[in-house]
Student: 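One structure, as structure tokens, below. Some questions next.
Whatever order the structure lists ligands and atoms in, that order sets their numbers, starting from 1. Source: prediction; values computed, not measured.
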Amino acid sequence: MSMESLLQVENLSVSVEDMQILKGLNLNVKEGETHVLMGPNGAGKSTLGNTLMGNPGYKVTDGRILFDGQDITGLSTDKRAAAGMFMSFQNPLEVPGISLSAFIRSAIHAQTGKPIKLLAYKKLLESTMEILNMDPSYADRDLNVGFSGGEKKKAEILQLLMLSPKLAILDETDSGLDVDAVRTVSRGIEEYQKRENGALIIITHSTRILESLHVDHTHVIVKGRLVASGDGSLVDEINEHGFEKYTLVD
Ligand SMILES: Nc1ncnc2c1ncn2[C@@H]1O[C@H](COP(=O)(O)OP(=O)(O)OP(=O)(O)O)[C@@H](O)[C@H]1O
Ligand SMILES: [Mg+2]
């Protein structure tokens, strides 16, 4: 495994609508590593993901973000995606008027800068949907429109596998999935880990999705601060004892 640093978050402070949410956060993700982010509801996990992706609602008030050797703190979301960043959202948006297939195809185009031939694309899409036990007919349905919660999450993992980013941030991709879907989705994530040596930041409240995945580092965020880091075993410890010992008095 390469020891190249892929993502460096340095002393990051972020505010949303003049509320300070993240406070001096540091995080270092190397190529191919899998990091798990845990923390109580409202701690700032999704805020970190949104900030890393350049969501304009999140204002960096201090610190910086380096990705692949480049300072991306001021970069647009599109440019970050083109640089190889991807985020699967806690609540995927419904997009009427654009099919799942067309959406992913244009995302690949935007990321690589060149169009992908339709026939080759369709083949790749079909085989990738098969890995995820998705019915091929979903490719022609409007993106996420009328998709069930679990189907939306699978569609996110489909995008992950089709786009093969350098870094993927998965925000509660496992929430609301039935037992079989959890297995299918973790198989998809595993495929990404293996195939692309891709780096992952997995935000989760459950350990089900982590059972079959290799985890390098676990971090705990409480009230916008990173309060603990450890290896994969920290996940089990939190599962057993909760976040009480990490709760700060501020
Ligand atoms: N767009 C926004 N507008 C207003 N407040 C926001 C916004 N985004 C985040 N916040 C606030 O920032 C805090 C952190 O929210 P965030 O969504 O990052 O938490 P989280 O750790 O992902 O929690 P959960 O586990 O419930 O998903 C919360 O108090 C939330 O209300
Ligand atoms: Mg969240």
Student: Any protein heavy atom at under 4.0 Å, with atom 31 (O) of ligand 1 as the reference point?
Tutor: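 There is no protein heavy atom less than 4.0 Å from atom 31 (O) of ligand 1.
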Student: Please state whether the rings of His35 and His217 are parallel, tilted or perpendicular, taking 30° and 60° as the class boundaries.
Tutor: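 Correct class here is tilted.
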Student: Kindly confirm whether the Mg ion (ligand 2) is within less than 2.8 Å of some N/O/S atom in Ser46?
Tutor: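 For Ser46, the answer is yes, given that an N, O or S atom comes within less than 2.8 Å of the Mg ion (ligand 2).
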Student: Of the protein's non-hydrogen atoms, which lies at the shortest distance from atom 1 (N) of ligand 1, and what is that distance?
Tutor: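 For this ligand atom, the closest protein heavy atom is Tyr58 OH, 3.6 Å.
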Student: Is any NZ, NE, NH1 or NH2 atom of the basic residue among Lys153 and Glu172 found under 4.0 Å from an Asp or Glu carboxylate oxygen of the other?
Tutor: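 Answer for the salt bridge query: no.
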Student: So between Gly49, Gly57, Gly42, whose heavy atom ends up nearest atom 28 (C) of ligand 1?
Tutor: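 Among Gly49, Gly57, Gly42, the closest heavy atom to atom 28 (C) of ligand 1 comes from Gly42.
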Student: Give me the nearest non-hydrogen protein atom to atom 3 (N) of ligand 1 as residue plus atom name, then the distance to 0.1 Å.
Tutor: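 Here the closest protein heavy atom is Val16 CG1, 3.5 Å.
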Student: Answer yes or no for atom 13 (C) of ligand 1: protein heavy atom present at a distance under 4.0 Å?
Tutor: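 Within 4.0 Å: yes, protein heavy atom nearby.
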Student: Output yes when the distance from some N or O of ligand 1 to some N or O of Ala43 is under 3.5 Å, and no in every other case.
Tutor: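 Yes, Ala43 has an N/O under 3.5 Å of an N/O on ligand 1.
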Student: Provide, to 0.1 Å, the distance between atom 9 (C) of ligand 1 and the closest protein heavy atom, together with that atom's residue and name.
Tutor: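 Checking every protein heavy atom, the shortest distance to atom 9 (C) of ligand 1 gives Thr47 OG1, 3.7 Å.
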Student: Could you state the interatomic distance from CG (Asp216) to CD (Glu33), rounded to the nearest 0.5 Å?
Tutor: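 Nearest 0.5 Å value for the CG-CD distance: 5.0 Å.
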Student: Looking at every heavy atom in both Ile116 and Arg105, which two are closest together, and how far apart are they?
Tutor: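 Looking at all heavy atoms of both residues, the closest pair is O-NH2, 2.9 Å.
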Student: Would you mind checking which non-hydrogen protein atom is closest to atom 17 (O) of ligand 1, with the distance to 0.1 Å?
Tutor: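 Looking only at protein heavy atoms, the one closest to atom 17 (O) of ligand 1 is Ser46 CB, 3.6 Å.
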Student: Any heavy atom of Gly39 sitting closer than 4.0 Å to ligand 1?
Tutor: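 Not so, Gly39 does not reach ligand 1.
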Student: To the nearest 0.5 angstrom, please state how far the OH atom of Tyr138 sits from the CG atom of Leu143.
Tutor: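 The distance works out to 13.5 Å.
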Student: Would you say Leu7 and Leu52 make side-chain contact, with heavy atoms under 4.5 Å?
Tutor: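 Contact flag for Leu7/Leu52 side chains = yes.
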Student: Out of Asp18, Val14, Asn41, Leu22, indicate the one that has the non-hydrogen atom closest to atom 26 (O) of ligand 1.
Tutor: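 Going through Asp18, Val14, Asn41, Leu22 one by one, Asn41 has the nearest heavy atom to atom 26 (O) of ligand 1.
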Student: Are Met85 and Thr77 close enough that some pair of their side-chain heavy atoms sits under 4.5 Å apart?
Tutor: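 No, every pair of side-chain atoms sits at 4.5 Å or beyond.
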Student: Within ligand 1, which atoms have a heavy atom of Ile21 less than 4.0 Å away?
Tutor: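 By the 4.0 Å cutoff, the relevant atoms are 11 (C), 12 (O), 13 (C), 14 (C).
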Student: Is Asp68 salt-bridged to Lys166, cutoff N-O under 4.0 Å?
Tutor: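 Yes, charged N to carboxylate O under 4.0 Å.
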